[in-house]
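Please read the structure below before turning to the comments.
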Amino acid sequence: MIAAILVMALLGVLLGSILGYSAVRFHVEDDPIVEQIDAILPQTQCGQCGFPGCRPYAEAIASGAADINRCPPGGEAGIHKLAELLGVEFKPFGDDAAPAKPKSVARIDENTCIGCTLCLQACPVDAILGAAKQMHTVIDAECTGCELCIAPCPVDCITMVPVAETVSNWRWKYPVTPLVQVHH
Amino acid sequence: MDIKGYLLILVGTVLVNNIVLAKILGMCPFFGVSKKLETAVGMGAATTFVLTLGSGTSYLIDHYLLGTHLAYLRTISFIVVIAGIVNFTEMFVRWASPVLFRVLGIYLPLITSNCAVLGIPLLNVQGQHDFIQSLLFGFGGSVGFSLALVLFAGLRERLEGADMPVIFRGTSIAMITAGIMSLAFMGFAGMVKP
């Protein structure tokens, strides 16, 4: 009885101290700024910034390896938020980043679609409906226009269709005034 | 024990007495994590790591700490030790290799609830294995687990796109597949002549 209690206590103390020690020894500091940047990015994982996803891009911004103006799905609003968070100047989309395209959504030509589900797997936001050997279609409201579904389609039946400006989606355009150096 | 004996343990645990398909242990992750091939590989790797370490440590605890007169503490102390090892592994992998942590990270806590991880140390005691044999038995058992898991995940990915009656879809066909796989693995029993 006493031996059993002692053995279990010994085990508990031993494991507890090993875990306690390793919690201190192997402590990993999470970079909170990366989390915050990642929270602003749209999480479409589209790779248009040149990084394999939103989190790698967030890490690159945090380490200073990438500019804040490389995320087309985030739009100018996203750049403004990033600029505010990091305390830097707002920058319009850079020349090297993908040029800002008119907001468009993917459209599947349903007569050509063979129902292979390849575009379903590529879609980062699950905006494509369909099943194997069934016709697929895109939910316009969910599509972010990242174009990731275009490459995998074996019959090239996906096209990008610009969203027409209607009363319901019109927004006031952010005024862009080129900055001019003023000499005194 | 010579090399031949060690090889026999390895082949025996991986193929003949496969922990999942012959001993029916570790069914929870076998069905839970086998929907995708990538997750199956990750889970298999994490289990292999923990199980090899766990069976070695459990042997030491059973042999040097518990002995014969405290044998009734075996199960509870193994559970405590395995939970401790899983936690330690998680912290260590996170510190040592963030890349590996991102691959294995979410599976590591799941291993605590894998009954094969407790089953193998207990089978070690039952089989009166020595230290090296225990390590080999743990490693072989977990390689067998990974093999079964990866094969099963591959089959399930194929089944996902197959045209089959509604009544069979999902878990039902998975159960039937697991049964047929189990039967197939029973065939390995004829490989070793007693």
Side-chain angles (χ1 to χ4, degrees), chain A residues 1-32 34-35 38 45 51-60 62-63 113-122 124 126 128 130-136 152 154, chain B residues 35-38 50 53-54 57-58 60-103 105 108-109 112 121 156-164 166 169-170:
Chain A
M1 173 69 183
I2 297 289
I5 293 174
L6 277 180
V7 162
M8 287 315 286
L10 185 75
L11 258 183
V13 168
L14 206 70
L15 275 171
S17 44
I18 290 176
L19 286 181
Y21 171 74
S22 52
V24 178
R25 173 73 183 75
F26 301 128
H27 185 66
V28 178
E29 198 72 58
D30 255 337
D31 199 353
V34 174
E35 304 287 334
D38 199 36
Q45 321 294 349
F51 292 92
C54 291
R55 196 173 169 94
Y57 178 46
E59 280 165 13
S63 64
C113 175
I114 54 171
C116 65
T117 75
L118 286 177
C119 56
L120 255 77
Q121 292 158 27
D126 281 346
I128 304 180
K133 291 168 192 151
Q134 310 278 316
M135 191 170 65
H136 303 346
Chain B
K35 290 210 181 75
K36 272 191 146 185
L37 201 55
E38 297 151 42
V50 170
L53 211 63
T57 325
S58 303
L60 294 180
I61 295 229
D62 186 61
H63 206 71
Y64 293 107
L65 205 59
L66 299 181
T68 43
H69 58 287
L70 282 180
Y72 59 90
L73 287 179
R74 213 171 264 152
T75 309
I76 190 164
S77 54
F78 283 4
I79 292 175
V80 169
V81 164
I82 288 162
I85 290 177
V86 170
N87 269 305
F88 173 79
T89 313
E90 197 181 346
M91 276 189 259
F92 182 76
V93 171
R94 201 187 154 118
W95 172 78
S97 163
V99 179
L100 197 63
F101 184 74
R102 223 168 292 153
V103 180
L108 283 172
T112 330
R156 278 187 85 174
E157 277 195 350
R158 283 291 196 83
L159 285 172
E160 201 69 9
D163 184 24
M164 70 178 100
V166 180
R169 280 186 198 155

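From a predicted model like this one, the values you see are computed outputs, not experimental measurements. Every chain is numbered from 1 and lettered A, B, ... according to where its sequence line falls, protein lines coming before strand lines.
Under the 4.5 Å side-chain criterion, counting only non-hydrogen atoms from C-beta, Ser77(B) is in contact with Leu66(B). At least one side-chain heavy atom of Cys119(A) sits less than 4.5 Å from a side-chain heavy atom of His136(A).
Other residues, nucleotides and ligands contribute over 12 non-hydrogen atoms within 6.0 Å of the OH atom of Tyr72(B).
Using a 4.5 Å cut-off between heavy atoms, Leu19(A) touches chain B through backbone and side chain atoms alike. At a 4.5 Å heavy-atom cutoff, the contact between Ala23(A) and chain B is made by backbone and side-chain atoms alike. No part of Leu14(A) comes within reach of chain B, as not one of its non-hydrogen atoms sits under 4.5 angstrom from that chain. Contacts of Leu65(B) with chain A are made by both backbone and side-chain atoms, with heavy-atom separations under 4.5 Å.
A salt bridge links Arg55(A) and Glu59(A); the closest N-O separation between the charged side-chain nitrogens and carboxylate oxygens is under 4.0 Å.
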